[in-house]
Q: 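One structure follows; several queries about it will come next.
Here the structure is a predicted model, which means the values were calculated and not measured.
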Amino acid sequence: MMKKSKPAIPNFSHMVHGADYNPDQWLNHPEIIEEDMRLMKLAGMNSVSLAIFAWKALEPAEGVYTFEWLDMMMDKLYENGMKVILATPSGARPAWMDLAHPEVLRVNNRLERNLHGGRHNHCYTSPYYRKKTAEMNRMLAERYQNHPALGMWHISNEYNGECYCENCQKAFRQWLREKYHNDIEALNEQWWTYFWSHGYSDFDEIEVPSARGEHMVHGMNLDWRRFVTHQTKEFMENEIRPLKEITPDIPVTTNMMETYAGYNPWELAGSVDVISWDNYPAWHENTRKDWEVAADAGFNHDIFRSMKKKPWFMMESTPSLVNWHRVNKLKRPGMHLLSSLQAVAHGADSVQYFQWRKGRGASEKFHGAVIDHVGHEHTRVFGEVKQVGDTLKRLDEIVGTNVDAKAAVIFDWESRWAMNDLQGLSDKRNYEQTCKLHYRSLWRQGIAADVISQDCDFSGYRLIAAPMLYLLKPGVANRLKEFVKKGGTLVTTYATGYVNENDLCFLGGFPGDGMMDVTGIWAEEIDSLFEGQVNSARMDLGKGEKTYQIQDFCERVHPREGCEVLAVYDSDFYQGEAALTKHPYGKGICYHMAARFETEMLFDFYESAAQEAGVRPTLPISIPEGVSVQARESEDTVYYFIMNFNHEPKTIQLPDGRALTDMDGKRLFHADLDAFDVMIAKERIQ
């Protein structure tokens with residue numbers, strides 16, 4: 001069984017239920033602030049994220065500070081039983097700063113300096129802005145270090161974007177000098193600048209990749225993304241440093257964004273104490289079923305849980321709708337509680353919202369919030385938020401419990417960057433969605449899965465899926481080989497191991513860097529299929545022989561000695577050639593999917609492969625389509641979340657002979673779930 005983690009907020013062993021709170025927007029309406037205190041308690045809130053984007057309210061003119069309103073709010077929130085997750089305000093700057101210090105404004109990829117406006121439009125390299133953010137954060141820490149409401153620091157908000165100014169160009173060149181040990185020829189070799197005669201004689205000749213200049217050197221583009229990650233991390237650590245000096249025992253977090261591609265979040269994860277992210281699935285679409293949306297949300301939850309393998313915070317979600325989807329649809333009754341508890345099931349120790357109260361103007365005035373413009377609690381949304389609050393109050397014993405995953409899916413940011421930059425194959429590469437479909441096959445079976453990068457430790461897993469792992473960083477192939485050699489099951493696919501960490505193709509055949517040893521195949525070439533073109537393969541995956549369709553990609557592979565062919569292509573000039581192989585290696589097995597199979601095949605395959613690898617579902621029950629079963633564990637108890645993402649009721653028979661109870665200790669024999677319903681069961685382990 002798994003050991004509990006300490007509560008994320010020290011000495012606060014409760015599920016956090018909170019929201020972004022912006023009282024600085026309502027200082028001229030003190031009666032509204034007083035009403036907020038009443039309504040927060042009524043909704044079962046015990047926390048707020050405070051002062052996000054409040055720089056102008058804290059420093060209305062350079063060197064002029066007005067903390068009095070924040071003093072008042074910290075006191076008032078504490079008096080009303082709230083913990084404060086206090087934000088640093090760097091996500092948006094006041095106009096006076098941009099006018100007086102234009103160096104803080106970003107330069108876009110057409111090398112034009114932005115004007116004042118928006119948010120997160122600052123240069124991460126700007127010496128002035130780094131100095132100002134550190135000074136502001138130091139003042140916040142010194143002022144509130146002993147305040148009993150302070151529970152956590154919220155560093156900025158949704159870091160994103162990049163800057164192409166001269167300061168950033170200089171910093172990029174210096175970063176490259178350090179990476180390539182001041183050897184310009186080493187850079188030319190790794191970037192393959194011999195192509196088009198684009199070789200550099202000196203690092204000072206290098207300009208950032210931009211719409212007006214070089215943007216076709218894939219090694220440069222990769223290094224630029226790594227540099228942007230580095231600068232974002234440096235800027236964030238510059239913000240964190242004074243907070244940790246003054247309040248070393250107060251944890252820090254920053255809210256990240258699902259699979260945002262602008263930087264590698266794994267690199268930022270090590271600099272914060274608590275992982276958090278902002279969760280905004282598009283429920284009730286007409287092109288996907290809600291359970292498919294839920295599976296993708298589970299994928300995102302499991303990325304962030306996997307970063308520290310301990311509970312995380314859902315820093316933002318909406319209690320109703322957003323204002324930026326193509327179609328902004330209301331959550332159907334029941335979906336708010338269900339989607340909130342889905343996050344808890346995947347390891348969240350919080351349910352938090354953007355935002356508490358709808359603003360009167362500007363771009364987010366119609367974004368969902370707990371309190372609508374009507375201003376009272378007599379709304380459907382408030383009732384559903386209160387239901388979440390009432391439920392979370394009964395889940396304190398789950399705080400700190402963890403998820404025990406023996407399976408993992410590799411979804412690697414750097415490999416995605418390289419795959420997205422690739423010129424070849426077809427526009428159906430869809431790396432992210434491919435990884436999600438492999439993950440979904442485990443999710444549908446109730447198998448807990450981590451979602452990891454290729455830099456992670458593989459040793460704790462029994463089954464690892466590595467779809468389209470196009471880019472291999474140094475040592476990864478050897479670690480995958482060692483994983484299989486010691487008894488693990490590895491699943492690889494077409495487009496695996498084509499390039500090194502700088503996007504140079506491996507020589508000697510694909511998959512490169514020694515991966516042919518473990519996969520047991522040589523991949524000679526890939527055929528890309530047009531829309532409407534299909535192939536197929538017939539195989540037995542434990543449910544009798546079936547024919548499965550193939551679309552998009554057919555890789556031609558040559559099995560090596562000892563490699564078993566499980567399925568062959570049914571048509572085209574490569575008819576009869578291997579489409580699915582199985583290769584014993586040491587004590588383990590590597591499967592290679594040479595083709596992009598339909599989702600039914602993935603489900604059947606992973607059901608068989610997981611069973612063979614000794615990876616068991618969370619509960620040994622028959623799980624209907626659209627129902628998800630997830631579990632969290634402590635040293636002596638397992639908590640099962642049985643969630644119905646269907647529009648119709650489902651009844652699930654629970655396993656005989658298992659002493660499952662509800663949270664009040666009442667014995668459970670089956671789960672009768674309405675549409676968008678959830679049941680939490682627990683089981684004591686002797």
Q: Does the gap between the ring centers of Tyr353 and His17 come in under 6.0 Å?
A: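 Yes, they do, as the ring centres are separated by less than 6.0 Å.
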
Q: I'd like to know if the side chain of Ser126 and the backbone of Cys123 have a donor-acceptor N/O pair within less than 3.5 Å.
A: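 Answer holds: no.
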
Q: Relative to the ring of Tyr260, is the ring of Tyr263 parallel (under 30°), tilted (30 to 60°) or perpendicular (over 60°)?
A: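 Tyr263 and Tyr260: perpendicular rings.
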
Q: With a sphere of 6.0 Å drawn around NZ of Lys358, does it hold more than 12 non-hydrogen atoms of other residues, nucleotides or ligands?
A: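 More than 12 within 6.0 Å, yes.
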
Q: Would you find more than 12 non-hydrogen atoms of other residues, nucleotides or ligands less than 6.0 Å from Lys170 atom NZ?
A: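 No.
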
Q: Drop me the distance from Asp20's CG to Asn157's CG, to the nearest 0.5 angstrom.
A: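 Reported value, rounded in 0.5 Å steps: 6.5 Å.
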
Q: Going by the rule salt bridge (charged side-chain N to carboxylate O under 4.0 Å, His left out), which residues pair with Glu258 if we only count those two or more places apart in sequence or in a different chain?
A: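 Checked Glu258 against salt bridge (charged side-chain N to carboxylate O under 4.0 Å, His left out); zero matches.
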
Q: Is a donor on one side and an acceptor on the other found under 3.5 Å between the side chain of Arg416 and the backbone of Thr259?
A: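 Answer holds: yes.
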
Q: Students often mix this up, so state it plainly: with edges at 30° and 60°, are the rings of Tyr280 and Trp324 parallel, tilted or perpendicular?
A: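 Perpendicular: the ring planes of Tyr280 and Trp324 meet at over 60°.
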
Q: Any side-chain to backbone donor/acceptor pair from Lys233 onto Gly270? Under 3.5 Å, distance only.
A: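 No, because the side chain of Lys233 does not come within donor-acceptor range (under 3.5 Å) of the backbone of Gly270.
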
Q: Tell me whether the rings of Trp356 and Phe382 are parallel (<30°), tilted (30 to 60°) or perpendicular (>60°).
A: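 The rings of Trp356 and Phe382 stand perpendicular, inter-plane angle above 60°.
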
Q: With a 4.0 Å cut-off, would you call Glu377 and Arg38 a salt bridge?
A: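 Yes, charged N to carboxylate O under 4.0 Å.
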
Q: So, Glu285 and Arg288, do they make that salt bridge, N to O below 4.0 Å?
A: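 A salt bridge is present here (some side-chain N lies under 4.0 Å from a carboxylate O).
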
Q: In terms of side-chain geometry, is the basic nitrogen of Glu135 or Lys131 positioned less than 4.0 Å from the acidic oxygen of its partner?
A: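 Yes, charged N to carboxylate O under 4.0 Å.
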
Q: Classify the ring geometry of Phe172 against Trp175: parallel below 30°, tilted from 30° to 60°, perpendicular beyond 60°.
A: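 Parallel, since the angle between the ring planes stays under 30°.
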
Q: Going by heavy atoms in the side chains, are His325 and Lys329 under 4.5 Å from each other?
A: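 Not touching, per the 4.5 Å side-chain cut-off.
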
Q: Nearest 0.5 angstrom please: Ile85 CD1 to Ile155 CD1, how far?
A: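 The CD1 atom of Ile155 is 11.5 Å from CD1 of Ile85, to the nearest 0.5 Å.
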
Q: Aromatic contact between His301 and Trp312, with the criterion being ring centroids under 6.0 Å apart: yes or no?
A: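 So the answer is yes for these two rings.
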
Q: Is it true that Glu158 and Arg119 have a side-chain N and a carboxylate O under 4.0 angstrom from each other?
A: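 Result for this pair is yes, salt bridge flagged.
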
Q: Would you kindly check if the NZ (Lys) or CZ (Arg) of Arg93 is within the cone defined by 45 degrees around the ring axis of Tyr129 and under 6.0 Å from the six-membered ring centre?
A: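 Satisfied, under 6.0 Å and within 45°.
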
Q: Quick one: sort the Phe299 and Tyr439 rings into parallel, tilted or perpendicular, breaks at 30° and 60°.
A: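 Perpendicular: the ring planes of Phe299 and Tyr439 meet at over 60°.
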
Q: Is the closest basic N to carboxylate O distance between Arg332 and Asp290 below 4.0 Å?
A: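 No salt bridge links Arg332 with Asp290.
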
Q: Side-chain contact, heavy-atom cut-off 4.5 Å: Trp224 with Glu162?
A: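 The answer is yes; the side chains approach within 4.5 Å.
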
Q: Test your reading of the model: is there a side-chain donor-acceptor pair from Asn108 to the backbone of Glu112, 3.5 Å cut-off?
A: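 Indeed, once roles are kept as given, a pair shorter than 3.5 Å links the two residues.
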
Q: Just do the salt bridge (charged side-chain N to carboxylate O under 4.0 Å, His left out) check on Arg130 and Glu234 with the steps written out, would you?
A: CA-CA 10 Å; Arg130 289 195 180 197; Glu234 267 203 349; 3.2 Å; yes

Q: Tell me whether the count of non-hydrogen atoms from other residues, nucleotides or ligands lying under 6.0 Å of NZ in Lys308 goes above 12.
A: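 Correct, the count exceeds 12.
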
Q: Verify whether the ring centers belonging to Trp153 and Tyr144 lie closer than 6.0 Å.
A: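 Trp153 vs Tyr144: aromatic centres not under 6.0 Å.
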
Q: Got more than 12 heavy atoms from elsewhere within 6.0 Å of CZ, Phe67?
A: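 Counting other residues, nucleotides and ligands, CZ of Phe67 exceeds 12 neighbours.
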
Q: With Pro242 as reference, evaluate Thr247, Leu140, Asn137 under the side chain to side chain contact (heavy atoms under 4.5 Å, CB included) test and give the passing residue.
A: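 Filter result, single survivor: Asn137.
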
Q: Relative to each other, are the rings of Trp277 and Phe304 parallel, tilted or perpendicular (30° and 60° limits)?
A: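 Ring orientation of Trp277 relative to Phe304: parallel.
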
Q: Does the ring centre of Phe676 sit less than 6.0 Å away from the ring centre of His284?
A: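 When the ring centroids of His284 and Phe676 are compared, they turn out to be within the sub-6.0 Å range.
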
Q: Do the ring planes of Trp26 and His29 sit parallel (below 30°), tilted (30 to 60°) or perpendicular (above 60°)?
A: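 Correct class here is perpendicular.
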
Q: With a 4.0 Å cut-off on N to O distance, would you call Asp71 and Arg143 a salt bridge?
A: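 Judged by the 4.0 Å cut-off on N to carboxylate O distance, Asp71 and Arg143 do form a salt bridge.
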
Q: So which of Asp349, Leu392, Val344, Ile9 actually passes side chain to side chain contact (heavy atoms under 4.5 Å, CB included) with Val399?
A: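 Testing each of Asp349, Leu392, Val344, Ile9 against Val399, the sole residue satisfying side chain to side chain contact (heavy atoms under 4.5 Å, CB included) is Asp349.
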
